There are 2 protein chains.
Amino acid sequence: MTELPVAAVDRIIRKAGAERVSEEAALALAEVLEEQGVMVAKKANEFAKHANRKTVTDADIRLAVKNK
Amino acid sequence: MTELPVAAVDRIIRKAGAERVSEEAALALAEVLEEQGVMVAKKANEFAKHANRKTVTDADIRLAVKNK
């Protein structure tokens, strides 16, 4: 089970130009995006802690994306 | 506006260990994941067309993730 709704990921695939999208395709991409999200979030959390903060901010997220 | 719900992305960041998450952080990560999703989906759509299919399948998604 992913946190990301499969219907939202289906819309992203259609936005990218797909005519039709299998249910499994949307689920597969939801899983990939969630994994990538967890990886970025773990780094962002490290950066927040490094700055002595308990709150993860958008600056932490941006730094984490830059330092993948 | 992202297709991905900010609340779902907030849960992903908490799952990754964050105690607190700013609204902007969840929005920033939602935007990043959506961009990555569109990039993967565009490639997946190319691969589906290459195989003479109109339907994007999970195999197309997996091939697209491998060939980023």
Side-chain angles (χ1 to χ4, degrees):
Chain A
M1 265 296 291
T2 58
E3 292 289 349
L4 300 176
V6 174
V9 177
D10 178 288
R11 285 194 299 273
I12 289 174
I13 302 175
R14 287 174 203 276
K15 236 190 202 176
E19 262 184 72
R20 291 190 301 202
V21 180
S22 80
E23 169 94 25
E24 290 76 18
L27 184 61
L29 185 54
E31 286 169 353
V32 167
L33 294 180
E34 181 145 343
E35 276 169 35
Q36 291 179 344
V38 168
M39 272 172 23
V40 169
K42 279 184 180 165
K43 274 192 197 287
N45 195 30
E46 265 184 63
F47 293 143
K49 285 204 170 121
H50 183 75
N52 293 314
R53 279 184 280 99
K54 287 185 176 177
T55 306
V56 172
T57 67
D58 51 334
D60 298 319
I61 296 287
R62 274 185 258 280
L63 197 59
V65 171
K66 252 178 50 187
N67 288 282
K68 274 199 296 201
Chain B
M1 265 293 293
T2 58
E3 292 288 351
L4 300 175
V6 174
V9 177
D10 178 289
R11 286 193 298 274
I12 289 173
I13 303 175
R14 287 174 203 275
K15 235 191 202 176
E19 263 184 73
R20 290 190 302 201
V21 180
S22 80
E23 168 94 25
E24 290 77 17
L27 184 62
L29 185 54
E31 285 169 354
V32 167
L33 294 181
E34 181 145 343
E35 276 169 35
Q36 291 179 344
V38 168
M39 271 171 25
V40 169
K42 280 184 179 164
K43 274 193 199 286
N45 195 30
E46 266 184 63
F47 293 144
K49 286 204 170 123
H50 183 74
N52 293 314
R53 279 183 281 99
K54 288 185 176 176
T55 306
V56 172
T57 67
D58 51 333
D60 298 320
I61 296 288
R62 274 185 259 280
L63 197 60
V65 170
K66 252 178 50 187
N67 288 282
K68 273 198 297 201

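All values derive from a computational prediction rather than experimental measurement. Letters A, B, ... mirror the listed sequences (proteins, then strands); counts begin at 1.
- Of the listed residues Ser22(A), Ala30(A), Ala8(A), Ala59(A), the one with more heavy-atom pairs under 4.5 angstrom with chain B than any other is Ser22(A).
- Here the options are Asp58(A), Val56(A), Thr57(A), the test is side-chain contact (heavy atoms from CB on, under 4.5 Å), and the partner is Glu24(B); only Asp58(A) passes.
- Note: Leu29(A) CG to Gln36(B) CD = 10.0 Å, rounded to the nearest 0.5 Å.
- Residues Val38(A) and Ala16(B) share a closest heavy-atom pair of O-CB, 3.9 Å.
- Put simply, of Met39(A), Lys42(A), Glu34(A), the one with the most heavy-atom pairs under 4.5 Å next to chain B is Glu34(A).
- Between chain B and the options Leu4(A), Thr2(A), Ile13(A), Leu33(A), the largest number of non-hydrogen pairs under 4.5 Å is found for Leu33(A).
- The contact between Ala18(B) and chain A is made by backbone and side chain atoms together, counting heavy-atom distances below 4.5 Å.
- The neighbour count for Lys15(B) NZ, taken as heavy atoms of other residues, nucleotides or ligands under 6.0 Å away, is above 12.
- Of the inter-residue distances, the one linking Ile12(B) atom CD1 with Glu35(A) atom CD reads 10.5 Å to the nearest 0.5 angstrom.
- Each of Phe47(B) and Val32(A) belongs to its own hydrophobic cluster when Ile, Leu, Val, Met, Phe, Trp and Tyr are linked at side-chain heavy-atom distances under 4.5 angstrom.
- Only the side chain of Asn45(B) comes within contact range of chain A, with heavy atoms under 4.5 Å apart.
- Considering CZ of Arg53(B) and CD of Glu19(A), their distance stands at 12.5 Å, rounded to 0.5 Å.
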